[in-house]
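As structure tokens, the structure follows; a few thoughts come after it.
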Amino acid sequence: MSKQLVLMDHDGGVDDYLATMLLMTMDNVQPLGVVVTAADCYAQPAVNATRKILDLMGFCDIPVAESKVRGINPFPNLYRRDSFVVDHFPILNQQETITTPLITEPGEDFTVKVLQQASEPVTIMATGPLTNIATALQKAPEIETKIQRIVWMGGALNVPGNVEKNWQPGQDGTAEWNAYWDPISVAQVWDTQIEIIMCPLDITNNVPVTSEIVQKMGKQRNYPISDLAGQCYALVIPQDYYFWDVLATAYLARPEFFQIKEIETEIITNGKSQGRTKIASSGRKVSVMDKVDKQAFYDYILQQWKR
């Protein structure tokens, strides 16, 4: 069976690094590169951490690019600073130099080039805002036909969003952060014909990061990836934290864990509901991850971290 070509597009949160790690363990995937957007992170430590993770995993041939796009509604600085912590984990700083190449051109241009040069249509695994993809499509509209599908962790349909009103006065609490950072770009991607598979808060709310599973990672910390994953999750365990990006990425290797539902949606781009991914009759049809076999998912990620 041929491998699916995948371009990783993440925004430097703790779960983005873990999703990238999970992607690299998949036998059915050929990663073409990683693009990092400075949304839920600061650019330099997030790019460094990504490259160091690829070095640790033996994927130092996978290029990394920094997107230069910016969103409308910045993440709080408190969220973004985790990128500095991960970049300074001892396990990622055992070597003097970083081998994984950093592309000099902006991530949006790198995205265009990867798609143009790909031998067949590419899956984009997006675990952050869709701004980099929207910008690439604006620069080179012809690449739309080279995108097989976008698997996106983003949005909230029948549950509240996670953009807290105390952080963003005037917001009504319906938006999810990856959509809220730049809802105009989400709407632009919605206006394409590209297949979208959406992993919203509706499903990620069912897979919390628990002390039990972090402790299970600790029991297999003789595997470097389990050790790193356990450190990452220990960093965020005081928060209400979920397997957002990791769950979305798991779909690439284990679609049988999921039930998918087709839903008509629209993107609210302004007003107090800015960033809301709303169910709307006659809206844009997207495939939505609706249910997951939670135990199978937990068992799978523990198994992958032992590779």
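Predicted model only: the values in this text are computed from it and were never measured.
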Fill in: Heavy atoms from other residues, nucleotides or ligands near CD of Q239 exceed 12 (cutoff 6.0 Å)
yes
Discussion item. Tell me which one of I133, N132, T131 satisfies side-chain contact (heavy atoms from CB on, under 4.5 Å) with P129.
Written reply: T131
Response to the item:
From the list T210, L228, I213, V214, side-chain contact (heavy atoms from CB on, under 4.5 Å) partner of Y233 resolves to V214
Is there a donor-acceptor contact under 3.5 Å from the side chain of [X] to the main chain of [Y]?
{"X": "Q95", "Y": "T97", "value": "no"}
{"X": "W152", "Y": "G128", "value": "yes"}
{"X": "R276", "Y": "E176", "value": "no"}
{"X": "D290", "Y": "I260", "value": "no"}

Discussion item. Using the rule side chain to side chain donor-acceptor pair (under 3.5 Å), only one of K216, K219, R221, Q220 pairs with S226; which is it?
Written reply: Q220
Fill in: Audit row: I147, L137, side chain to side chain contact (heavy atoms under 4.5 Å, CB included) steps and yes/no
CA-CA 10 Å; I147 301 175; L137 285 163; 4.2 Å; yes
Would [X] and [Y] count as having a side-chain donor-acceptor pair, cut-off 3.5 Å?
{"X": "Q303", "Y": "D299", "value": "no"}
{"X": "N206", "Y": "K294", "value": "no"}
{"X": "Q304", "Y": "T25", "value": "yes"}

Discussion item. Here's one to test your reading of the geometry: is the NZ or CZ of R80 within 45 degrees of the ring axis of F75 and under 6.0 Å from its centre?
Written reply: no
